[in-house]
Amino acid sequence: MPLKKLPLSFYRRDDVVQIARELIGMILVTRWDGMTTSGRIVETEAYAGVTDKASHSYGGRRTGRTEIMYADGGYSYVYLCYGIHHLFNVVTHRRNTPHAILLRSLEPLAGIPEMLVRTGKKKLDHTLTRGPGNMAKALGIVKDQTGILLNGKQMFLADDGFRYKKSEIIASPRIGVDYAGEDALLPYRFYVKGNPYVSGKV
DNA sequence: GAGTAGATCCTCT
DNA sequence: GAGGATCTACTCA
């Protein structure tokens, strides 16, 4: 089955956790610098807007950085963390409901040589796109790519018909959000069981 | 193998 | 002026 771009209606639904689960197995494509790179998503985390302490938009916080989260679903939200890592998110739901999904890891498909150049690695191994910082780097994603509509030419998510078995998709608490108190325990993270590209303990 | 520090900079207080 | 949705390398055992 050929690649089919996900329609904007896919992102503009109410249940961000459900969308995060459905994104597992989809393909992320970026196309810039004259190179196409892509990979199959194997790890995501949902951030449920104003009610989620771990979210940047918790309590309705609205700043220059988080403004894009309040837009309609289907936009990219990239931001810099720890001064080094760019983290790529997909905005979901509709205007004024700031939900987002962090894409944490994917399995490289196309453009692997380009990914190796971008990350400075010598050969392909599971650390190439493991974890959100590495993944963004391998795909050439930087925070300037915030606000791109994900059904365009530069960057999009697609479905090639592949599906993991339901039993292969695991829900667990999110990573690196200990500061969020009880919300850090919510099972908003999804990953493919046993996949070497998944960050954290498998 | 486990634990920890350092990198490094944008954003909000 | 502080801290973060992280990663790597280095120390110590």
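Small disclaimer: the values here were computed from a predicted structure and weren't measured. Proteins come first, then strands; the chains are lettered A, B, ... in the order of their sequence lines, and each starts at number 1.
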Within the 4.5 Å heavy-atom criterion, are A/V78 and A/I141 side-chain neighbours or not? yes
Whole Å only: how far is the CD1 atom of A/I84 from the C1' atom of B/dA7? 4 Å
May I ask you to establish whether A/R40 and A/F162 are in a cation-pi arrangement, using a distance under 6.0 Å from NZ or CZ to the six-membered ring centre and at most 45° from the ring axis? yes
If you only use heavy atoms from C-beta on, which nucleotide in C/dT6, C/dT8, C/dA5 is closest to the side chain of A/I175? C/dT6
Stems of at least 3 consecutive Watson-Crick or G-U wobble pairs (donor-acceptor distances under 3.5 Å) involving DNA chain C, listed by first number, are B:1-7 with C:6-12, B:9-12 with C:1-4
Nearest whole Å is fine: how far is C/dC7 P from A/R130 CZ? 9 Å
Rounded to the nearest Å, what distance is computed from the NE2 atom of residue A/H56 to the P atom of nucleotide C/dG3? 16 Å
Interatomic distance where CD belongs to A/E67 and P belongs to B/dT11 [whole Å]: 14 Å
Flag for A/T66-A/S57: side-chain donor and acceptor within less than 3.5 Å: no
Is it the case that the base of C/dA5 and the side chain of A/H85 share a donor-acceptor contact (distance under 3.5 Å, atom types as modelled)? no
Picking from C/dT8, B/dC9, C/dA5, which would you name as closest to the side chain of A/K121? C/dT8
Salt bridge or not for A/K5 and A/D159, using N-O below 4.0 Å? no
Verify stack between A/Y47 ring and C/dA5 base, 5.5 Å, 30 degrees: yes
Specify the separation, in whole Å, of atom CG of A/L80 and atom C1' of B/dC9. 6 Å
Could you tell me the separation between the NE2 atom of A/H126 and the C1' atom of C/dT8, rounded to a whole number of Å? 14 Å
Pair up each side-chain donor or acceptor in residues 93-101 of chain A with any protein partner under 3.5 Å, not counting sequence neighbours, and list the distances.
{"from": "A/H93", "atom 1": "NE2", "to": "A/D14", "atom 2": "OD1", "distance (Å)": "3.3"}
{"from": "A/R94", "atom 1": "NH1", "to": "A/R12", "atom 2": "O", "distance (Å)": "2.5"}
{"from": "A/R94", "atom 1": "NH2", "to": "A/D14", "atom 2": "OD1", "distance (Å)": "2.5"}

Of A/T127 and A/G176, whose nearest nucleotide on DNA chain C comes first from the 5' end? A/G176
For C/dC7, does either OP1 or OP2 sit under 4.0 Å from a side-chain N or O belonging to A/Y82? no
Under 6.0 Å from the ring centre and within 45 degrees of the ring axis: does the NZ or CZ of A/R21 meet both conditions for the six-membered ring of A/Y188? no
If I take atom CZ in residue A/R61 and atom P in nucleotide B/dT13, what distance separates them, rounded to the nearest angstrom? 6 Å
Is it true that A/E22 and A/R13 have a side-chain N and a carboxylate O under 4.0 angstrom from each other? yes
Has A/Y179 got a side-chain N or O lying under 4.0 Å from the OP1 or OP2 atom of C/dA5? yes
Quick check on C/dA5: is either OP1 or OP2 less than 4.0 Å from any side-chain nitrogen or oxygen of A/R189? no
Have a look at A/R65 and say if it touches a base, only the backbone sugar-phosphate, or nothing, with a 4.0 Å heavy-atom cut-off. sugar-phosphate
If you measure from the P atom in C/dA5 to the same atom in B/dG3, how many Å do you get, rounded? 23 Å
If we count only N and O atoms by modelled type, under 3.5 Å, do the side chains of A/R130 and A/S199 hold a donor and an acceptor together? no
CG of A/L128 versus P of C/dC7: gap in Å, rounded? 13 Å
